[in-house]
Amino acid sequence: MGKTVLVVDDSVSMRQMVTFTLKGAGFDVVEAGDGQEAVEKLNGGAKPNLVITDLNMPNMDGISLIKAIRGMAAHKFTPVLMLTTESAADKKKEGQSAGATGWIVKPFNPDQMLATIGKVLPA
Amino acid sequence: MAVDLSHFQESFFEESAEHVETMETGLLELEQRPTDLDLLNRIFRAAHSIKGNAGMFNFTAIGGLTHKMENILDKLRNSQMLVTKNIIDLLLQALDGLKTLLDVAHSGDAYDEAGIRVIEEKLVACCEAAPVDGPSSPAETPLAPAAESGPPTSRIVTIFWKPLVELFQRGLDPAQIFRELEGFGVLKELRVDAGALPPLSDLDAECCYLAWTVLLETDKPVKDLDAVFDFVRDGSELTFTDSEAHPTEEEGYKTIGEILVDEGAASPAQIETALEKQKPLGQILVEEKAVSPQQVNQALTKQQQMKKSETASIRVDTEKIDKLINLVGELVITQSMITDLGEKFTMNQLPVLQERIIQLERNTRELQERVMSIRMVPIGATAFNRFPRLVRDLASKSGKKIQLVMSGEDTELDKTLIEAIGDPLTHLVRNSADHGLEGPEERTAAGKLELGTIRLNALHDGGNICISVEDDGRGLNKQKILNKAIEKGLITEGESLTDEEVWLLIFRPGFSTADTITDISGRGVGMDVVKRNIEALGGSVAIQSVEGKGSKLTLKLPLTLAIIDGMTVRVAQENYIIPLISVTESIRPKHTDLQTVVGKGEVFNLRGEWVPMVRLYDVFGVQPEFTDPAEALLVIVESEGKRVALFVDELTGQQQVVIKSLEQNFQKIEGISGATILGDGQVALILDVPSLVKLSRMAKIEAA
């Protein structure tokens with residue numbers, strides 16, 4: 001069975017691109033348009049092996065989503081990668097203390113993204 | 001894996017256009033509510049998304065400009081700067097620059113780089129003018145010193161790692177780290193240090209108390225190994241001991257020029273001059289007389305055009321699509337039910353058949369409505385959205401105070417119509433701002449509020465949409481229009497006209513009552529063009545005006561261009577469709593109501609009003625059943641306020657018809673706007689009422 005990745009981003013083009021890359025690499029993908037939708041999907045029974053989330057989103061941002069995921073018994077150990085434009089340390093710190101596993105700095109290319117996923121998800 | 005990201009560019013542009021719009025409306029609202037933090041956040045988020053996505057697609061210019069805008073927005077939302085009109089002006093200007101950059105990124109055209117640079121400089125200056133409390137982000141934590149160099153030879157590297165206690169709670173798996181390290185060489189030894197493990201009673205199973213020592217045989221530099229720990233470095237204890245540390249510089253990719261300079265074979269200046277000699281392909285070919293400069297130019301133009309051919313796309317709510325799929329499912333079920341019935345049909349099953357056909361009809365109609373609704377978009381987000389900005393610009397240019405009130409933004413209409421009404425609407429709004437509304441002094445003198453109002457409204461009216469542009473300005477000046485019309489020879493002095501007829505004069509080509517042509521209006525596009533455009537869409541324009549109180553222009557348009565409600569009529573053996581929108585009534589005339597007037601042809605007395613009668617069989621050259629109007633029927637149709645009575649043999653029904661273009665397949669015929677296929681498979685022509693009305697007037701002139 002393929003591994004499932006939950007992709008959370010309010011930008012459709014980003015989501016399309018990430019999904020396209022992931023599917024090309026053999027992952028199953030579940031998409032959500034913001035943190036709130038992601039939480040609904042997770043509570044609704046989605047069992048991703050990995051979550052990739054943007055930080056800046058309407059309704060519920062990435063940091064709050066990460067905190068929410070860490071609070072869910074079923075998902076507290078699921079790796080979460082955050083997408084961030086800021087290479088600035090403060091966003092990374094904020095994400096890490098919220099419980100993010102790692103980060104992918106935008107702009108990235110598909111290979112970089114897959115390499116980063118490889119760091120947190122066993123092949 | 002190489003992935004071509006260009007597939008996603010279309011979505012990027014679509015999305016960016018939405019973000020730009022969010023920013024624009026946001027900035028305009030911000031001017032009214034400068035302290036609204038939610039609003040600022042929304043604008044910021046839009047800018048941030050554009051920046052992030054632009055980076056992904058390598059649109060550096062877009063990213064650069066947005067980044068500078070974002071800096072200001074960030075300071076605004078952190079209250080390091082206050083929202084002022086100047087800042088909004090600057091941001092709006094930058095937004096225009098951004099739109100240009102997006103356009104050229106899309107089309108591949110050249111753009112005014114200097115102009116963008118000026119805006120960027122202004123943004124930076126504005127941003128720096130604000131007080132800064134310390135650097136906004138601390139510098140990156142430097143890498144461990146050992147990571148700065150690495151030997152390329154194979155040796156043993158010892159790694160000690162004591163992870164942070166919350167390792168698991170961040171979704172990290174130590175085993176994954178070791179697996180990744182294994183990818184760099186051979187794991188010689190892996191030692192676990194469980195010394196920090198607390199007594200069982202204090203142990204939290206979700207925490208990590210272990211530390212590891214790894215002996216790795218690798219030929220990779222320590223820098224690469226260190227990168228494995230990127231996500232766990234903070235809070236971890238991590239040391240690398242390299243058995244043979246030889247600082248060597250990593251060989252990266254170099255250009256030929258760089259290598260030649262490094263080897264002393266050439267000086268940087270020589271390389272520079274050589275590079276300058278590189279020429280575009282076209283120029284070389286021209287110099288070698290292989291092609292002519294014209295051919296190169298043609299090829300370049302062709303290339304440009306290819307870049308420009310865009311596909312128009314439309315965003316559809318997934319909900320709408322889901323419903324469509326459901327409906328198609330139902331349709332398939334109904335169809336299979338009918339097929340089933342047809343295979344073993346007996347006459348006593350007729351009621352069942354009828355029932356299923358009714359069901360099929362219901363499915364089809366619903367499907368039709370849904371499919372049409374895909375093309376329907378709300379007017380507010382598509383056609384109205386440009387006006388707040390426009391009105392603001394117009395107001396500041398003319399020194400007037402103008403507020404724009406919009407209503408009915410949710411009214412939906414066909415996407416092609418939205419595109420087509422954009423320019424006419426803009427023209428009307430400009431007119432209202434420029435000619436309609438008075439300056440503040442004149443308004444005060446007239447006892448009005450200084451602040452003038454322009455109202456934009458959209459509403460559904462049966463199968464039509466009405467869009468009105470209303471202002472509370474000075475209204476149309478009847479005398480001025482009459483004078484102008486006489487001067488232009490459009491009417492003769494002493495001709496008595498109703499108000500309505502006077503207002504219609506402003507739609508005549510070349511008619512302008514503005515005393516001075518300003519920067520805003522008077523650019524050669526007149527009301528005649530507005531009217532022509534709207535009529536080309538099957539719509540009409542109406543004016544209401546009260547002097548000193550204001551004026552209101554209403555555009556009435558069909559909801560969609562593809563399907564109309566039509567009245568089917570029969571003339572001889574032919575069926576014709578009259579668009580229902582133009583039919584006012586049908587009458588069987590008495591002989592006493594009909595007259596032949598010299599110079600006006602046949603006319604019919606419609607309750608005191610004489611309307612010209614058009615014998616359709618004459619127009620289309622067919623043999624009618626009746627030639628006496630008293631035995632046949634007159635359908636009264638209206639176009640542009642003029643009425644005409646169409647002579648037909650019989651009314652046969654009313655139905656929705658799908659318009660098939662004649663022009664595309666055949667040629668344009670006066671009096672016919674298209675064709676359709678009726679239920680029995682016959683082709684019926686759709687009458688073009690405005691052109692028939694015109695024909696009837698021309699006939700008058702000929703007769704005279």
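Here is how names work: the chains are called A, B, and so on, in the same order as the sequence lines, proteins then strands, and each is numbered from 1. The structure displayed is predicted, hence computed values, not measured ones.
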**Student:** If I compare all heavy atoms of B:S11 with all of A:S13, which pair ends up nearest, and what's the gap?
**Tutor:** CB-CB, 3.8 Å
**Student:** Using non-hydrogen atoms and a 4.5 Å limit, figure out which bit of A:S11 sits close to chain B: side chain, backbone, both or neither.
**Tutor:** both
**Student:** With sequence neighbours excluded, give me every salt bridge (charged side-chain N to carboxylate O under 4.0 Å, His left out) pair touching residues 60-71 of chain A.
**Tutor:** none
**Student:** Against chain A, work out which of B:N58, B:L167, B:V228, B:V232 has the most heavy-atom pairs shorter than 4.5 Å and name it.
**Tutor:** B:V228
**Student:** Can you name the closest pair of heavy atoms from B:F231 and A:V120 and give their distance?
**Tutor:** CD1-CG1, 3.8 Å
**Student:** I need the minimum non-hydrogen distance between B:S49 and A:D10, along with the two atoms involved.
**Tutor:** OG-OD2, 4.1 Å
**Student:** Show the nearest heavy-atom pair for residues A:M14 and B:N53, with the distance to one decimal.
**Tutor:** CG-OD1, 3.0 Å
**Student:** Measure the spacing between CD of B:E166 and CD of A:Q96 and express it to the nearest 0.5 Å.
**Tutor:** 10.5 Å
**Student:** Holding to side-chain hydrogen bond (donor to acceptor under 3.5 Å, both in side chains), I want the full list of residues that pass it with B:N41, two or more places apart in sequence or in another chain.
**Tutor:** B:R77
**Student:** Quick one: CG on B:D173 to CZ on A:F77, what's the gap to the nearest 0.5 Å?
**Tutor:** 11.0 Å
**Student:** Using heavy-atom distances under 4.5 Å, tell me whether A:L81 contacts chain B through its side chain, its backbone, both, or neither.
**Tutor:** side chain
**Student:** When rounded to the nearest 0.5 angstrom, what distance separates CZ in B:R45 from CG in A:D54?
**Tutor:** 10.5 Å
**Student:** Do A:K76 and B:F168 have side chains that get closer than 4.5 Å, going by heavy atoms?
**Tutor:** no
**Student:** So which residues of residues 36-46 of chain A are in contact with chain B at a heavy-atom cut-off of under 4.5 Å?
**Tutor:** none
**Student:** Between A:K119 and B:Q176, which heavy-atom pair has the shortest distance, and what is it?
**Tutor:** O-CG, 2.8 Å
**Student:** For B:E182, what residues pass the side-chain hydrogen bond (donor to acceptor under 3.5 Å, both in side chains) criterion, not counting sequence neighbours?
**Tutor:** none
